[in-house]
Structures are given as structure tokens and as C-alpha cells.
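Since the structure comes first, as C-alpha cells, the remarks are kept for the end.
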There are 2 protein chains.
Amino acid sequence: MDERRKTYLEAKSRVLKALGHPTRLLIAEELGRGERCVCEFVDMAGVDYSTVSRHLNVLKQAGIIEDEKRGKQVFYSLRVPCVLSFMECIEQVIRTGAEDRMKMIGQDQ
Amino acid sequence: MDERRKTYLEAKSRVLKALGHPTRLLIAEELGRGERCVCEFVDMAGVDYSTVSRHLNVLKQAGIIEDEKRGKQVFYSLRVPCVLSFMECIEQVIRTGAEDRMKMIGQDQ
DNA sequence: AGTATATTTGGCATAATAGCAAAATAAAAG
DNA sequence: CTTTTATTTTGCTATTATGCCAAATATACT
């Protein structure tokens, strides 16, 4: 495998990894409905301000969201909304996984 | 946030997390061209057999790939090929991220 | 049965993540 | 200018992830 591909795989997996956490995925989904300030995620996710702030930074570094300071608050928004289109396929992965496990039970392995 | 959504966010983020590693993303991309045995990934990724085996298990547990033993070898294949369609959007994330960083340099921050 | 090949599993060391609490910043309000 | 509010950063701890080596399994070959 050449170096170029390796670097590119790293870049792409970084984006997926950023979305690979329940709180960060929640943030992305909520931003799909419009911009939000940090405090709203603190309430929704039920975790510390400092924790939310870190998650937001992971998503920002990955290039998925952007921030804008207005007064005392910082508003975040989705920079690349197409990431939300992943959900349909992900739901399919989960659904077919569940179906297969059902079949397995029927066959007693 | 209700319990149902929380559980669902965990399930969905598990799928994304599984793809959020360069070696596992390489595996998924390769399987997009057809089934492969473990040894092929060992060569391509340049990591230990045991390491590849573990990555394959992560993808399998996530419901993304499946395995089939034939003779001495185990062949893996993509169970839900739509995951490869994520790439276009991910490339967009990377591209616009790079562009923005360019602009930043022009503005000296 | 005995050996070779392909893959998985267990054990272990190291690195990366996640979360909280407390301290630091920044802007607005009094 | 002091206080309050919103957010980020730092320090720390606990948990999880990664990767190698060696051992275990499974199947084919002789």
C-alpha cells in the first residue's frame, strides 16, 4: 500500500471516528436541525460542560462542525450536512444484524 | 433525552466507530471489490495476523462484514455495502476542511 | 498419526479516550 | 471595576483500544 493511500485512510477514518461516539453523534444529529449553543448539549447529553466542549472540539478538528462566537455564547453548526445521510445505511446495518441474530437463535447457532 | 434514543445512539455510533480506524477502513474498502481472506489484509496493511483478526472481529460485531470458512481459509465479505457510499461525503469533509485552512492562512489567522 | 498452513485467542505493554472537578478566559451586566 | 455567565483548558483517574508475541485451534497434506 502506498503512502498516499495510507495518509488518506487516516484522514477518512478520523472523520468516522469523530462521529463514533454517542454524545458526538447526538451533537451532529441536533445540529442537523439548526445551530445550537454549548449549554443545549450539556442539558441534552447530561454530561459536564468540559466534556461537551471536548467533544465539540473533536468534531471541529475533524472538519464536521464550525463555531461562531456571539456575545457570551458560542454557537455551533454543521459544516458538512451530508454526514447525516449516513444514518439510513447505519440503520440498515443494525437492522440486518438484528435479523441475522434472530435466525441464529432459530437454528440454535 | 429518553432511554430509547440513547440506546440507539450507542448502536449507531458503534458502527461508525468500527469504521473509524485506518486498517478497518482499508478492509471495508477492499471488501467492496469482493471477498478476501485474512492473509490478504495482513499483506496490505502490514500488521500482524492477530491484529488483523481482531480488526475483522470488530467489523463483524458491528454487523458490517461476515465470514465464511472454506477449507483452511476464512473469507470475509461486506454484509452491508452501502457503508462505502459514506466516502463521497467524507471526502467532502476533508476537502472543505483543507480549503478553509488555506483561507485562514491568507487572512493570517 | 504427524506436519504444515491459516486463523483466532490469551497475555501483556503502551497509548489514546472519556469524564469530572477546578482553574483560566471572555464577554456582558451591574 | 467587580461580578456573573458561558465556555475552554488543565490536571487527574479510570477505562478502553491497539499491537505484538506466543499459544491454541482447525483443517488439509503426507
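In what follows, every chain begins at residue 1, and chains take the letters A, B, ... in the order their sequences are listed.
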ask   = Side chain of A/V74: nearest nucleotide among D/dT10, C/dA28, D/dT7?
value = D/dT7
request  = Would you kindly compare A/D67 and A/K17 by the position of their nearest DNA chain D nucleotide and give the one closer to the 5′ end?
outcome  = A/D67
inquiry  = If I take atom CG in residue B/D48 and atom P in nucleotide C/dT9, what distance separates them, rounded to the nearest angstrom?
reply    = 14 Å
message = Output the rounded distance in Å from CZ (B/R14) to P (C/dT17).
response = 19 Å
ask   = Parallel, tilted or perpendicular for A/F86 and B/F86, by the 30°/60° rule?
value = parallel
request  = Test for a donor-acceptor pair under 3.5 Å between the base of D/dG19 and the side chain of B/R24, counting only N and O atoms.
outcome  = no
request  = For the pair B/R5 and A/E30, find out whether any cationic side-chain nitrogen is under 4.0 Å from an anionic carboxylate oxygen.
outcome  = yes
query = Under 4.0 Å: is that the gap between some side-chain N or O of B/S53 and OP1 or OP2 of C/dT8?
reply = yes
note = The nucleotide from D/dA6, C/dA6, D/dG19 with an atom nearest the side chain of B/Q73 is C/dA6
ask   = Where the side chain of A/K69 is defined as all heavy atoms beyond and including C-beta, which of C/dC20, C/dA26, D/dA28 is the nearest nucleotide?
value = C/dA26
key: Closest nucleotide among D/dT7, C/dT7, C/dG19 to the A/H55 side chain   = C/dG19
request  = Indicate, with a heavy-atom threshold strictly under 4.0 Å, whether A/Y76 touches base, sugar-phosphate, or nothing.
outcome  = sugar-phosphate
query = Roughly how far, to the nearest 0.5 Å, is NZ of B/K17 from CG of A/L25?
reply = 12.5 Å
task = Return the nearest nucleotide to the side chain of A/C39; candidates are C/dA22, D/dT7, C/dG19.
result = D/dT7
message = Looking at B/H21, I'd like to know whether one of its side-chain N or O atoms comes within less than 4.0 Å of OP1 or OP2 on D/dG19.
response = yes
request  = Taking atom CZ of A/R4 as the centre, report whether more than 12 heavy atoms of other residues, nucleotides or ligands fall under 6.0 Å from it.
outcome  = no
key: Check: C/dA21 base within 3.5 Å donor-acceptor of A/S50 side chain   = yes
query = To the side chain of A/Y49, which of C/dG10, C/dT5, D/dT7 is closest?
reply = D/dT7
